[in-house]
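All values derive from a computational prediction rather than experimental measurement. All heavy atoms count here, side chains included; hydrogens, waters and symmetry mates do not. The residues of the chain are indexed from 1 along the displayed sequence.
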Amino acid sequence: MNDLPTLEDAPVSDHDPDLPYNQWDDDEKERFARSCRIAMRLALEEDEAPSRCPGRTCRREGRCQVRLEDSRLVCLAGPMPPQAIRRMIMMMSFLHELGKGDA
């Protein structure tokens, strides 16, 4: 289910031109990737992805088990709905603004 680009190839600057992803060290990139995974999980749960997921764990726990594989966000429920991707991007942009301290 590779419906999103790798985090390195994602057009982050299209959504937040102030996000200096290419200038981050590996630890910063890893923290960003973990944050993206959590934000994507929340966005998919809002879209009720666990209820239609072929993965029993997602349905049983009522939580999306989205994971990172080779710097890609992967969900067993299939292609990620565009509205969930937009929600994730909004969450990440909000966190970025909050982290800048001048918001």
Side-chain angles (χ1 to χ4, degrees):
M1 314 295 170
N2 295 329
D3 50 341
L4 286 178
T6 64
L7 294 175
E8 291 174 355
D9 297 332
V12 174
S13 60
D14 291 354
H15 304 288
D16 191 343
D18 296 331
L19 197 62
Y21 185 81
N22 293 330
Q23 299 169 16
W24 291 346
D25 63 28
D26 289 341
D27 287 339
E28 291 170 316
K29 288 180 180 181
E30 180 61 29
R31 281 194 305 274
F32 181 73
R34 281 195 313 265
S35 297
C36 283
R37 185 185 60 78
I38 292 167
M40 192 73 244
R41 179 180 59 82
L42 293 171
L44 286 166
E45 288 172 7
E46 177 68 21
D47 199 54
E48 300 180 3
S51 65
R52 51 176 203 282
C53 184
R56 278 186 280 170
T57 304
C58 298
R59 288 193 315 269
R60 184 178 61 242
E61 294 181 8
R63 294 182 66 189
C64 186
Q65 304 297 314
V66 69
R67 62 187 182 272
L68 280 169
E69 288 184 5
D70 299 323
S71 296
R72 289 184 189 276
L73 291 168
V74 178
C75 178
L76 295 175
M80 297 180 194
Q83 64 271 20
I85 294 169
R86 283 192 301 276
R87 278 191 211 111
M88 181 203 70
I89 291 168
M90 287 188 298
M91 282 187 254
M92 295 307 297
S93 293
F94 170 76
L95 288 174
H96 173 65
E97 286 299 315
L98 190 63
K100 289 192 320 190
D102 61 347

query = For Asp26, which residues count as a side-chain contact (heavy atoms from CB on, under 4.5 Å) partner, sequence neighbours excluded?
reply = none

request  = Decide yes or no for Asp27 and Glu30: does some side-chain heavy atom of the first lie under 4.5 Å from some side-chain heavy atom of the second?
outcome  = no

Atom [atom1] of [X] and atom [atom2] of [Y]: how far apart are they, to the nearest 0.5 Å?
{"X": "Arg34", "Y": "Arg31", "atom1": "CZ", "atom2": "CZ", "answer": "7.5 Å"}
{"X": "Ile38", "Y": "Met92", "atom1": "CD1", "atom2": "CE", "answer": "9.0 Å"}
{"X": "Leu44", "Y": "Arg87", "atom1": "CG", "atom2": "CZ", "answer": "9.0 Å"}
{"X": "Gln83", "Y": "Ile85", "atom1": "CD", "atom2": "CD1", "answer": "9.0 Å"}

Pairing residues for [X] by the salt bridge (Lys or Arg N to Asp or Glu O under 4.0 Å) criterion, not counting sequence neighbours:
{"X": "Arg67", "value": "Glu69"}
{"X": "Glu46", "value": "none"}
{"X": "Arg41", "value": "Glu45"}

task = For Ala39 and Met91, work out which heavy atoms get closest and say how close.
result = O-CE, 3.3 Å

Under 3.5 Å, side-chain donor or acceptor atoms of residues 48-56 against the rest of the protein: list the pairs with distances, not counting sequence neighbours.
unit_1 : atom_1 : unit_2 : atom_2 : d
Ser51  : OG     : Glu48  : O      : 2.8
Arg52  : NH1    : Asp47  : O      : 3.0
Arg52  : NH1    : Glu48  : O      : 3.3
Arg52  : NH2    : Asp47  : OD2    : 3.2

key: Same apolar cluster (I L V M F W Y, side chains within < 4.5 Å links), Val66/Phe32   = yes

query = Same cluster for Leu95 and Ile89 if Ile/Leu/Val/Met/Phe/Trp/Tyr side chains link at under 4.5 Å?
reply = yes

